[in-house]
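The next block holds one structure in the form of structure tokens; read it before the comments.
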Amino acid sequence: MTEDRRQIEKHWQDYWDKIKLFEPDLKNYRHKYYCLMMFPYPSAALHIGHMRNYILGDTLARYKMMQGFNLFTPMGWDAFGLPAENAAIKDNIHPTKSTAKNIATMKKQLRQWGVGYAWSKEINSCSPEYYKWTQWLFLQLYKKGFAYRKKAKVNFCPSCQTVLANEQVIEGKCERCEANIEQKDLEQWFLKTTAYAQRLLEDLDTLTKWPEKVKIMQRNWIGRSEGDEVAFAVNSQQPTVNSSNQNPKFIKVFTTRPDTLFGCTYLAISIEHPFVTSLLKIKNQKSKIKNAEEIEKYIKEIKKQGISTRDNIAKEKTGVEIKGIKVINPVNNQEIPIWVVDYVLMEYGSGAIMAVPAHDQRDFEFAQKYNLPIKQVITSPSAKRQAPSAKRAYESEGVLINSGKYNDLNSQEAKEKITADLKKKGLAQKRVLYRLRDWLISRQRYWGTPIPIIHCPKCGTGPVPEKDLPVVLPQDVDFKPGGESPLKKNRNFIQTTCPKCGSSAQREADTMDTFIDSSWYYLRYLSPRDKKNAFDSSLVNRWLPVDQYIGGVEHAIMHLLYARFISKFLYDHKLINFKEPFASLFTQGMVIKDGLKMSKSKGNVVYPDTLIEKYGADAVRLYILFIAPPDKDVEWNSKGVEGMKKFLKRVEKLGYRLSVIGYRAQTANRKPQTDRELQRKIHQTIKKVSEDMERFHFNTVISSIMELVNSATRPPSRAGEADNPQPATRNPLEVIILLLSPFAPHFCEEIWQNVLKNKGSVFKHPWPRYNSQFIQGEKALIIVQVNGKLRAKIEAERDIPEKELKELVLKEEQLKKWLTKPIKRFIVVPNQVVNVVM
RNA sequence: GCCGGGAUGGCGGAAUUGGUAGACGCCUGGGACUUAAAAUCCCAUGUCCUUUAUGGGCGUGUCGGUUCGAGUCCGACUCCCGGCACCA
């Protein structure tokens with residue numbers, strides 16, 4: 001098979017095409033199985049890391065096919081995005097061309113690996129046929145008020161020359177190019193993801209087949225936090241929580257720890273807080289402050305430094321007191337100072353906090369620096385009256401002290417009582433905050449879906465009518481980025497007429513974040529050429545949610561959160577009838593090389609093509625799934641592929657031997673007990689493999705099949721079983737081929753049809769079943785321990801009574817030297833272990 | 001700092017509910033076949049000790065505990081990987 005292996009593989013690839021093995025019957029949704037891989041970005045060529053992903057999915061798909069499911073595994077291309085555009089700028093090839101070329105290369109690779117998809121349903125997010133409906137989706141969101149424009153401080157990447165969503169900023173750096181992110185005030189489009197914060201959080205509990213890890217990451221990202229809003233009166237004026245924040249009569253703070261209110265010794269306020277801004281703007285207000293100039297100077301300085309919320313945590317906190325104005329702590333009417341600080345974020349809560357230095361580490365550090373009082377009000381329940389540590393704040397909950405009538409309550413009780421009392425006075429209310437922000441979707445780049453919006457000088461901003469979709473992305477664009485959208489420079493594109501009044505108007509020049517393309521693609525696969533609808537609701541409602549979604553853990557937050565958000569939006573507007581798009585999620589591990597994730601930019605990429613040339617696709621497929629459980633990261637080492645080739649050769653030889661000699665002749669030469677032993681192994685293996693397939697333990701599946709091959713190849717090792725004759729054992733080769741076929745499809749199809757002489761594809765044959773009565777022998781191997789240490793192994797009848805087993809143990813020669821003292825206890829685990837305790 | 005995950009031979013890994021630790025494979029060493037090599041097959045392969053056996057001690061990151069019995073459960077710690085991070 002070595003020489004013509006490539007030809008054999010190609011032969012079966014053609015065969016699967018011919019019999020349309022992977023083409024679904026979408027009308028037949030009974031026993032449906034929608035197996036979806038995250039669609040790839042078309043980069044130059046797929047490496048081993050990608051291959052692991054697709055082989056994993058293909059193996060599962062073929063297994064499900066054999067189990068009799070009506071399988072649907074489509075594939076497509078997430079083709080818009082920055083890499084293609086950057087490559088285009090560098091090499092001066094239009095993204096349309098380079099993308100098409102990359103897709104062709106990748107399709108060829110996938111085919112060579114024996115990976116099958118329903119190619120008739122292929123989609124490509126950069127084709128007008130697809131992005132027309134991405135635009136349609138945007139318009140639905142717009143019409144329902146879920147897409148809006150606002151001027152906001154946004155993350156701007158100076159290197160990519162575009163804004164980024166919060167999720168795309170990692171430690172203050174761009175996730176793509178790692179340039180430091182700048183904050184800019186820009187008018188941008190947002191989607192109201194926050195409107196779904198609570199449901200995105202709650203419904204995670206319904207996703208029982210998602211990895212816990214991914215759900216935890218999403219929960220943390222949504223970041224729900226329950227607490228209270230508490231109003232602090234400015235000087236002695238009477239505040240209420242219902243007045244506006246601009247009103248300088250009071251300042252609202254958000255806290256999760258109202259039990260520490262008595263320990264609040266100053267109020268810290270963001271430099272951008274409206275209270276501060278209006279204070280400095282309005283003359284008679286400003287005159288009340290003794291150090292207005294100092295504050296203005298401070299704010300200017302901090303703004304100049306650029307208060308990024310993410311990159312200066314290590315920096316020492318600074319601030320300046322507003323002299324001349326105080327606030328009243330509502331629990332004890334104590335006057336406390338207000339400090340304008342750089343460590344309170346305007347974007348979260350109310351932009352002001354009650355500072356409790358004794359019980360918050362940040363406030364503690366600040367108070368120490370500026371010599372502000374540190375007042376302990378919580379003590380640990382175990383060590384009452386513990387002095388506050390000189391080095392750290394005590395941040396845990398505990399028992400209240402120095403808190404007037406609330407003393408001796410625990411934190412939980414105190415929270416409720418203090419809030420209730422303040423609520424009566426109108427000074428507090430419950431509030432739930434989320435860390436999740438609205439999704440910023442505008443990108444000042446060329447290679448993306450144009451936002452279907454028209455700006456009319458008379459009518460203002462309005463949608464492109466649905467009948468005019470798609471808004472086609474023009475080809476002749478100078479796409480070099482320059483801080484604003486390249487489309488702005490294309491007059492033919494920009495100039496349009498207002499659909500309402502007909503006067504000359506301008507198109508929106510920004511394109512959409514590519515995560516919108518991937519937030520709904522799983523719906524389009526079922527009717528990719530439909531010219532009238534984004535998706536066919538009746539098909540979608542029958543085929544979704546996706547039964548198995550497979551992809552990288554790097555999409556745990558962004559893609560999966562956005563796709564869930566869009567599904568919920570479509571559900572609420574009755575366009576689909578399910579709330580969650582992906583019933584079961586599997587996140588495969590990364591392939592590591594030299595300690596780093598395999599990636600082109602790091603220069604540690606291994607391409608599978610030369611390995612496939614040398615060993616064949618099946619051997620590489622087997623190896624890639626054999627080296628580790630698929631959800632774990634794995635360090636790549638090409639050395640072991642050889643072993644897989646050897647293994648396939650042994651199976652081939654077994655097949656040759658059985659087919660030449662004939663299976664019956666072969667069994668006739670064996671003793672009956674040999675057959676029984678092999679038969680047991682066959683059924684045990686079917687059981688183990690079937691169970692492990694469901695758990696995605698593909699590595700142990702392969703080793704179990706190897707064990708069965710070893711048993712079928714080698715002469716029997718154990719004899720001495722009862723020799724009552726048994727019916728002829730099932731042909732081991734047939735079982736081996738069936739179990740192995742999802743992993744090594746070409747090889748197995750070849751043996752199935754040309755050696756075992758079966759008609760039709762092995763993938764049309766049902767997955768083998770085991771018979772549990774063949775699994776157990778009538779003798780059990782029992783481990784004998786003395787005081788917990790292994791001392792002997794004996795064979796005994798299954799389910800032997802304890803008394804007889806004890807006699808057997810006492811008779812055993814090997815054990816005599818250990819059983820020197822009187823037996824205290826005799827512990828039996830039936831058919832497994834005996835432990836003699838002396 | 002917080003939240004996850006992990007640590008098992010020379011290597012990748014196995015051990016599903018506490019019951020033979022190291023399956024399966026790679027590497028390595030030895031042997032058979034061969035004029036020779038490749039391929040193939042067979043044997044060995046955690047570690048130490050001895051009286052060389054159907055022998056024994058030790059051994060799953062560290063320390064301690066529970067149990068007849070712990071890689072697995074509990075408590076404390078070390079290191080590695082991933083996520084989040086002035087979120088009040």
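No experiment lies behind these values; they were computed from the predicted model shown. Just so it is clear: chains get the letters A, B, ... in the order the sequence lines come, proteins before strands, and each one is counted from 1.
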Counting heavy atoms from C-beta on, name the nucleotide in [options] closest to the side chain of [X].
X       : options                : answer
K317(A) : C41(B), U20(B), C86(B) : C86(B)
M217(A) : G12(B), G19(B), G83(B) : G83(B)
I353(A) : C68(B), A88(B), C86(B) : A88(B)
N835(A) : C68(B), C24(B), G25(B) : C68(B)
F626(A) : C24(B), U40(B), A88(B) : C24(B)
L345(A) : A88(B), G25(B), G56(B) : A88(B)
Y343(A) : A88(B), C24(B), C86(B) : C86(B)
W221(A) : C84(B), U40(B), C87(B) : C84(B)
E691(A) : C87(B), G83(B), U16(B) : U16(B)

Whole Å only: how far is the [atom1] atom of [X] from the [atom2] atom of [N]?
X       : N      : atom1 : atom2 : value
L790(A) : U54(B) : CG    : P     : 16 Å
K369(A) : C86(B) : NZ    : P     : 18 Å
E229(A) : C87(B) : CD    : P     : 18 Å
F696(A) : G13(B) : CZ    : P     : 19 Å
D259(A) : A88(B) : CG    : P     : 14 Å
R695(A) : A15(B) : CZ    : C1'   : 10 Å
D228(A) : A88(B) : CG    : P     : 13 Å
I702(A) : G25(B) : CD1   : C1'   : 10 Å

Do Q361(A) and E365(A) have side-chain N/O donor and acceptor atoms under 3.5 Å apart? yes
Scan [X] against the nucleic acid and name what it touches under 4.0 Å (heavy atoms): base, sugar-phosphate only, or nothing.
X       : result
I627(A) : sugar-phosphate
V833(A) : base
K824(A) : nothing
I216(A) : sugar-phosphate
R431(A) : nothing
G643(A) : sugar-phosphate

What does [N] pair with, Watson-Crick or G-U, if both distances are under 3.5 Å?
N      : result
G75(B) : C63(B)
C26(B) : G10(B)
C86(B) : none
U40(B) : A32(B)
C58(B) : G46(B)

Pick the [atom1] atom in [N] and in [M], then give their distance to the nearest Å.
N      : M      : atom1 : answer
U20(B) : C11(B) : C1'   : 24 Å
U50(B) : G29(B) : P     : 27 Å
G4(B)  : G57(B) : C1'   : 40 Å
C26(B) : G9(B)  : C1'   : 13 Å
U8(B)  : A53(B) : C1'   : 29 Å
C24(B) : U62(B) : C1'   : 30 Å
A7(B)  : G22(B) : C1'   : 16 Å
C73(B) : G69(B) : C1'   : 13 Å

Distance test, side-chain N/O of [X] to OP1/OP2 of [N], below 4.0 Å:
X       : N      : result
R437(A) : C87(B) : no
N710(A) : G25(B) : yes
K793(A) : U54(B) : no
T700(A) : A23(B) : no
N699(A) : A14(B) : yes
K645(A) : G25(B) : no

- Message: If you go through the side-chain atoms of E635(A), does one of them form a donor-acceptor pair with the base of G12(B) closer than 3.5 Å?
- Response: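 Counting by modelled atom types and ignoring angles, no donor-acceptor contact under 3.5 Å is found here.
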request  = State whether the distance check finds a donor on one side and an acceptor on the other, under 3.5 Å, for side chain K639(A) versus base C26(B).
outcome  = no
Would a 4.5 Å heavy-atom cut-off, applied to side chains only, mark [X] and [Y] as touching?
X       : Y       : value
Y562(A) : H555(A) : no
K789(A) : V786(A) : no
M693(A) : L739(A) : no
F262(A) : N329(A) : no
I48(A)  : L611(A) : yes

Base orientation of G25(B), chi within 90° of 0 counted as syn, else anti, reads anti
Angle between ring planes, F698(A) versus F696(A), binned at 30° and 60°: parallel, tilted or perpendicular? tilted
query = Where the side chain of E226(A) meets the backbone of V432(A), is there a donor-acceptor pair that is under 3.5 Å apart?
reply =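 No: the side chain of E226(A) does not pair with the backbone of V432(A).
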Note: for D692(A) and L433(A) on RNA chain B, the residue whose nearest nucleotide lies more 5' is D692(A)
message: Nearest heavy atom decides the nucleotide; on that basis, is P629(A) or Q832(A) closer to the 5' end of RNA chain B?
response: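 Mapping each residue to its closest nucleotide by heavy atoms, the 5'-most match is P629(A).
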**OP:** Determine, for D363(A) against K317(A), whether the closest basic-nitrogen to carboxylate-oxygen distance falls under 4.0 angstrom.
**Re:** no
